[in-house]
Amino acid sequence: MRIDRRFLLKFGASVPLIGVAQHFACAAGETADEKADYTIRIGTGPVELAPDHIISTTLYNGQFPGPLIRFKEGQRAVVDIYNDTDVPELVHWHGQMIPSDVDGAAEEGSPFVPARGMSRIAFVPKPQGFRFYHTHVPAGADLNRGTYTGQAGPVYIEPRNDPGAYDQEVFLVMKEFEPAFSRGGDMAMDMLAPGVPIKELEETGARADEQAKGTPKGYEVSYELFSINGKMLGAGEPIRVKQGERVLFHVLNASATEIRSLALPGHVFRVVALDGNPVPTPADVPVLWLGTAERISTIVEMNRPGVFVMGDLSDDDRRNGMGIVVEYSDRKGKPQWIKPKPFRWDYTRFAKTDARTPQPDETIELLVVKHNAAADGFNLWTLNGEAFSMKTMRPLYKLQEGHRYRLKFRNASDDIHPLHLHRHSFELVRIGGKPTAGVIKDVVMLGGFQTLEFDFVADNPGRTLFHCHQQLHMDFGFMALFDYV
Ligand SMILES: [Cu+2]
């Protein structure tokens, strides 16, 4: 067993409340003797998605999804991470406001978990709500790396007091397996509201296409097998419910690249939290849409007895596994699927009724452009003309602690981008031209040829990564680093 030499330093940096001096006073032996609260083992193993579909991939603790980790908000946790693979790894604590060196992103300075080695980290989990953990290594052209693997698991940070107005809590992790490169996809692109494509952005996109004339479009990734909680539709245990029950679902889209949808025929979802943060206006919707890495917490009242398929709207993906059976007690029979009416996903539905937000101290504009097949057959992505360089890791912008920043995105591509900011939450302030307020997230979908604005307060000093969560986009330029002055 090898202890990462940086781990003492990490302790000092991550326990501000207890005091750095005290931690440096404990000898290395004492901290090493301290028992870990959680242990994560990264290793390759099989996943039985269905009896006739057993795949092999990299997993946490030999299972997919990785074990549900329940932290207590504000209560320091020690996590041992063992890497039983031959390549360095990173475990990122998505959606938590923790220091850069334990966040699990190399761009921020988090050390790798060495191949065949281990790291011990400690941090104070926050904020409360539904988060997750996943690998943060680039995959590039290797479909056995990064989020194409099974390295993802749910995290729930228990609030200090839980209202508990539900009868059952169910975590759902949506995930595809057996990826392959393809040219062009068939993903739904017209499911976001409000907003219409902006002509000027279409023209910018067309000019970029013109420059790449003659080259085919860049690689995309498609998948053969689809699952919820590591089981293809029908292969796992059904979710068993009783009439009149209120079931709280925590849904995670753990896809590397895809947008997912979810519907339960005859039932509505009352959305209570987005990315783990309670929404100002809980509202009922017939369909959930989640970009890569987005989470939705939603209560369903079980008031229509039967046996149903809760599944993705894509017929192909659902038939290849993206669904789970919901079964009322004493009901038997073939699970029913009824296609819901088309429904556009609108974050502003859950917003404050008054769309006023504080004025930002500074505004940063970011133009997103796709360069077809410009990187060895992969699309290259630029922000204000620059693709992120893993070599220089140059910070794009220096933040002043305490300032409120507004990021204004203009998307000159037809793709939807799940934008993600590390170590901070942001507030949506404008989507497709419509002002909004009060929806706090850490991932948001930016529509094709559309605009979006969000604000964040620089309240967690340290290097901070921003990127598109679509693995192909983040690996090929769509990243930016912020630092504090
Ligand atoms: Cu993207």
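Note that ligands are numbered from 1 as they come in the structure, with each ligand's atoms numbered from 1 the same way. Just so you know, these numbers come straight off a predicted model, no measurement behind them.
Remark: F177 engages F64 in a ring-ring contact (aromatic ring centres under 6.0 Å, His included) (not counting sequence neighbours).
Applying the salt bridge (charged side-chain N to carboxylate O under 4.0 Å, His left out) test to pairs two or more places apart or on separate chains, those with a residue in residues 381-392 are E386-R394.
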Identify each donor-acceptor pair in which a side-chain atom of residues 408-417 lies under 3.5 Å from a protein atom, sequence neighbours left out, and give them as a table.
{"from": "R410", "atom 1": "NH1", "to": "E200", "atom 2": "OE2", "distance (Å)": "2.8"}
{"from": "N411", "atom 1": "OD1", "to": "S413", "atom 2": "N", "distance (Å)": "2.9"}
{"from": "N411", "atom 1": "OD1", "to": "S413", "atom 2": "OG", "distance (Å)": "2.6"}
{"from": "N411", "atom 1": "ND2", "to": "D415", "atom 2": "O", "distance (Å)": "2.8"}
{"from": "N411", "atom 1": "ND2", "to": "G447", "atom 2": "O", "distance (Å)": "2.9"}
{"from": "S413", "atom 1": "OG", "to": "D415", "atom 2": "N", "distance (Å)": "3.4"}
{"from": "S413", "atom 1": "OG", "to": "H417", "atom 2": "NE2", "distance (Å)": "3.0"}
{"from": "D414", "atom 1": "OD1", "to": "K370", "atom 2": "NZ", "distance (Å)": "3.2"}
{"from": "D415", "atom 1": "OD1", "to": "K370", "atom 2": "NZ", "distance (Å)": "2.8"}
{"from": "H417", "atom 1": "ND1", "to": "H473", "atom 2": "ND1", "distance (Å)": "3.0"}

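The cationic atom of R183 (NZ for Lys, CZ for Arg) lies less than 6.0 Å from the six-membered ring centre of Y219 and within 45° of the ring axis.
Nearby protein atoms of type N, O or S around the Cu ion (ligand 1) amount to 3 (distance under 2.8 Å).
Using the six-membered ring where Trp is involved, Y405 and H403 have ring planes that are tilted, between 30° and 60° apart. Ring-plane geometry between H420 and H422 is classed as tilted, the angle between the planes lying from 30 to 60 degrees on a 0 to 90 degree scale.
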